[in-house]
Protein chains: 2
Amino acid sequence: MANVFKGKLPCGYPASVSSKTPISSSNEGEAAHSLRHVAQLAGVSVATASRVMSGSSHPVSTKTRERVLSAADRLSFEPNRLARALVTAKSQTVGVIVHDISDPYFGEIVKGLEDGLHSEDYRLFVASSDRDPVKELDYVRAFHAHQVDAIVFAASSLTDPSYAEALETLSARFRVRGGVIVVLSDHLLEGPRVRFDNRRAVADMVGYLVGRGHRRVGYISGPPELLVSGVRLAGFTTAVAEFGLATGPEYIANGGFTVTGGGAAMGQLLEDVDVTAVVAASDLMAIGAMRQLLASGVSVPEEISVAGLDDIPIAEYGPVPLTTMRVPTYEIGRHGASILLEALAGETPDDVVLSSQIIERESVATVETPG
Amino acid sequence: MANVFKGKLPCGYPASVSSKTPISSSNEGEAAHSLRHVAQLAGVSVATASRVMSGSSHPVSTKTRERVLSAADRLSFEPNRLARALVTAKSQTVGVIVHDISDPYFGEIVKGLEDGLHSEDYRLFVASSDRDPVKELDYVRAFHAHQVDAIVFAASSLTDPSYAEALETLSARFRVRGGVIVVLSDHLLEGPRVRFDNRRAVADMVGYLVGRGHRRVGYISGPPELLVSGVRLAGFTTAVAEFGLATGPEYIANGGFTVTGGGAAMGQLLEDVDVTAVVAASDLMAIGAMRQLLASGVSVPEEISVAGLDDIPIAEYGPVPLTTMRVPTYEIGRHGASILLEALAGETPDDVVLSSQIIERESVATVETPG
DNA sequence: AATGGAGTGGCAAACGTTTTCAAGGGCAAG
DNA sequence: CTTGCCCTTGAAAACGTTTGCCACTCCATT
């Protein structure tokens with residue numbers, strides 16, 4: 001460790017004293033090894049060793065290549081990615097920000113991302129923001145400091161404009177540094193994007209119900225401060241208009257994306273309107289609605305049909321197996337990884353749009369149309 | 001970017017030509033800034049700038065400190081953690097390896113970890129191994145290359161001894177480099193550890209059933225190649241012996257930790273033995289068992305009680321609200337972060353052991369003891 | 001008036017890579 | 001025998017930090 005030469009000299013250039021500590025010859029397989037160790041063992045320069053280890057296009061004779069490789073192997077050398085990143089300005093890391101990593105919805109997305117990224121030798125930092133804008137901003141800053149090559153926003157963002165502004169300035173800084181920003185689904189930020197058409201998904205679900213004879217359908221909405229809530233709600237209202245269904249504000253209740261909230265919203269709907277079906281903006285709320293219905297002595301789906309959105313694992317095993325719309329979360333993550341890699345390669349990827357698919361289970365019944 | 005001085009000179013030491021490119025004076029708020037920019041703007045040396053930005057103990061006068069701080073602020077300077085890591089040999093990152101990040105069980109753990117780590121300025125890499133030993137090994141290597149300060153194994157490991165050996169040698173290499181390895185719950189690897197007593201948890205559950213009058217209870221086990229399956233099974237068998245319950249291999253069926261597996265195991269149990277209660281080694285299997293029971297016309301809990309283990313979110317919303325044992329996954333992660341930080345601080349943390357808690361819902365009934 | 005700290009600040013080396021540039025060797029063509 | 005080119009290699013600068021060591025300025029002490 002200690003430098004051999006201690007005196008002061010402008011260039012550290014005494015005749016024949018190497019400023020690098022010579023390496024003791026008998027430490028194979030121990031401690032941390034650097035390129036210098038490999039080079040020394042192979043009897044080549046650090047530059048040459050680097051060239052073979054990094055797969056440089058600069059030619060190296062097969063003989064020396066093998067010497068280096070075997071030396072690296074004997075020392076079980078692993079290149080220091082931090083040092084490499086410092087000179088190449090590519091860290092081979094990306095950060096993802098989600099609302100809640102323990103929510104399987106985001107878990108699937110992260111899994112898709114990670115799968116797509118790992119095979120291309122990228123590591124994934126994860127951040128769980130709890131929907132806290134301050135935290136999200138802090139994560140952007142932190143990722144930035146760690147020189148990530150890209151940041152993925154899987155968190156569906158808030159509608160609050162001041163939040164949007166703060167996020168935008170911070171992200172701009174990151175972009176200037178050369179970072180790419182990828183957005184999964186609905187978000188205020190610009191960037192290559194994988195779109196899942198939430199609007200269309202609930203519209204299609206309404207269409208499905210209409211096909212089953214329903215004309216009076218209620219809607220349980222998500223919390224208004226989330227962008228996605230508005231998008232899904234828009235899908236509902238346009239479909240209602242398009243199909244000419246019974247309409248009015250009393251057909252819509254806010255469930256806050258939770259089971260209990262869904263139950264409460266259902267209770268309100270029961271009081272206010274006479275519907276034959278309800279679509280909830282999330283499966284969790286749909287389950288809450290079903291529980292409320294059952295508790296009130298209303299049978300599902302015989303008296304009232306319930307449809308969800310997301311197709312979370314619970315959906316299949318709830319009080320009544322839930323008919324819902326599958327949101328392809330894993331694929332969202334996976335495609336996110338793809339366009340991310342393209343953007344990182346300097347290309348300008350097209351947005352990819354993913355479609356949803358209805359999962360028919362047992363919570364929706366056909367209503368007998370009289371005449 | 002371009003170096004001003006191109007000619008060859010041993011020390012790069014021409015009289016008055018700085019080898020560093022002078023910085024154009026009008027680029028505040030743009031591009032990537034380094035300490036050098038900050039120092040220049042503040043009119044101090046890089047060393048001084050470093051000292052104030054990194055909170056060094058080396059004293060700096062308040063006047064210059066303020067100058068540096070304001071310069072950093074004007075440039076919105078963010079220190080490059082990679083460069084810092086290179087010299088301090090501390091990257092402020094840790095990697096976690098889990099079986100499946102989309103499983104809320106692991107999601108909660110990761111969330112706990114991340115919460116505990118972020119506040120101490122550590123970033124978290126995440127890896128989802130799909131229970132593939134080869135992948136796990138590869139992740140250890142990759143994390144190693146990225147100079148993580150610690151690796152957390154949240155994946156409950158395989159019993160396969162060759163896997164254990166490979167993992168051990170790779171981990172040893174990592175430890176030698178100064179990395180700390182933390183293990184959450186049951187694993188073959190050594191290291192500071194947060195223990196959740198799986199054995200005790202199922203034993204306690206059996207005790208609970210015994211308290212409810214059950215004397216003939218069946219067990220649905222996890223896949224034998226997972227360490228945790230063996231541990232939980234051991235809890236069952238010792239409890240059975242301790243309480244003197246009906247015993248024999250026919251009381252135990254393998255459910256593979258899945259819903260369908262749990263259903264099949266339940267079917268087998270129904271054929272082989274006459275039980276009043278069943279405990280499943282996971283909630284998923286318990287739900288499968290309930291569905292199988294219901295489908296066979298057996299009422300839950302009136303005819304057969306079902307108990308689970310884990311307390312996953314689904315548990316509450318299944319066909320019958322499930323009585324189960326809460327595994328404190330978030331706390332496991334959180335405590336993992338704590339002992340990790342202690343270990344990183346050079347202390348030798350004690351293992352922490354977490355206890356479980358029974359969650360009484362509606363899937364267990366008291367059996368009337370005749371006499 | 002000389003001595004000596006304490007308080008600040010700068011120089012330059014170091015971390016482990018990649019990459020530019022130049023140099024050496026070999027060999028074919030003139 | 002020279003010339004020139006290609007192939008291979010090495011020296012050293014660079015990336016953006018931290019830090020050991022030294023130097024300088026002030027003041028208070030002898």
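Order of the sequence lines sets the chain letters (A, B, ...), proteins ahead of strands, with each chain counted from 1.
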- Task: May I ask you to say whether A:K111 pairs ionically with B:D130, meaning some side-chain N is under 4.0 Å from a carboxylate O?
- Result: yes

- Could you tell me whether A:K135 and A:D138 make a salt bridge, using a distance below 4.0 angstrom between a side-chain N and a carboxylate O? no

Residues 47-58 of chain B, side-chain donor-acceptor partners within the protein, below 3.5 Å, at least two apart:
unit_1: B:T48; atom_1: OG1; unit_2: B:S45; atom_2: OG; d: 3.1
unit_1: B:S54; atom_1: OG; unit_2: B:S50; atom_2: O; d: 2.8
unit_1: B:S56; atom_1: OG; unit_2: B:H58; atom_2: N; d: 2.9

Within the sub-3.5 Å range, which N or O atoms of nucleotides 7-9 of chain C have a protein N or O partner, and how far apart are they?
unit_1: C:dG9; atom_1: OP1; unit_2: B:S61; atom_2: OG; d: 3.1
unit_1: C:dG9; atom_1: OP1; unit_2: B:T64; atom_2: OG1; d: 3.4
unit_1: C:dG9; atom_1: OP2; unit_2: B:S61; atom_2: N; d: 3.0
unit_1: C:dG9; atom_1: OP2; unit_2: B:S61; atom_2: OG; d: 3.4
unit_1: C:dG9; atom_1: OP2; unit_2: B:T64; atom_2: OG1; d: 2.8
unit_1: C:dG9; atom_1: N7; unit_2: B:H58; atom_2: NE2; d: 2.9
unit_1: C:dG9; atom_1: O6; unit_2: B:H58; atom_2: NE2; d: 3.3

Whole angstrom value for the distance that separates [atom2] of [N] from [atom1] of [X]:
X: A:E78; N: C:dT17; atom1: CD; atom2: P; answer: 10 Å
X: B:K63; N: D:dT25; atom1: NZ; atom2: P; answer: 15 Å
X: B:L35; N: D:dT18; atom1: CG; atom2: C1'; answer: 9 Å
X: B:Q40; N: D:dG16; atom1: CD; atom2: P; answer: 14 Å
X: B:F77; N: D:dG16; atom1: CZ; atom2: P; answer: 10 Å
X: A:L86; N: D:dC15; atom1: CG; atom2: P; answer: 9 Å
X: B:K90; N: C:dC15; atom1: NZ; atom2: P; answer: 17 Å
X: B:H33; N: D:dT17; atom1: NE2; atom2: C1'; answer: 17 Å

- Query: Considering only heavy atoms, which members of residues 140-150 of chain A lie under 4.0 Å from some atom of DNA chain C?
  - Reply: none

- Could you label the plane-to-plane angle of the A:F125 and A:F143 rings as parallel, tilted or perpendicular, counting under 30° as parallel and over 60° as perpendicular? parallel

- Within the distance-only criterion (no hydrogens, no angle test), does the side chain of B:S129 pair as donor or acceptor with the backbone N or O of B:E136 below 3.5 angstrom? no

- Task: Examine distances only and state if a side-chain atom of A:H146 and a backbone atom of A:V148 form a donor-acceptor pair shorter than 3.5 Å.
- Result: no

- Item | Side-chain donor-acceptor contact under 3.5 Å, B:R123 with B:H118 | yes

- Item | B:R84, nearest nucleotide to its side chain (from C:dT17, C:dC15, D:dT17) | D:dT17

- Item | Nearest-nucleotide 5' precedence on DNA chain C, B:A83 against B:A49 | B:A49

- Message: Between B:S56 and B:L82, which residue's closest nucleotide on DNA chain D lies nearer the 5′ terminus?
- Response: B:L82

- Message: Does B:S50 reach a base, just sugar-phosphate, or nothing at all? Heavy atoms under 4.0 Å.
- Response: base

- Query: Does atom CD of B:E165 have more than 12 heavy-atom neighbours, drawn from other residues, nucleotides or ligands, at distances under 6.0 Å?
  - Reply: no

- Message: Centroid separation under 6.0 Å, is that true for the rings of B:F77 and B:H37?
- Response: no

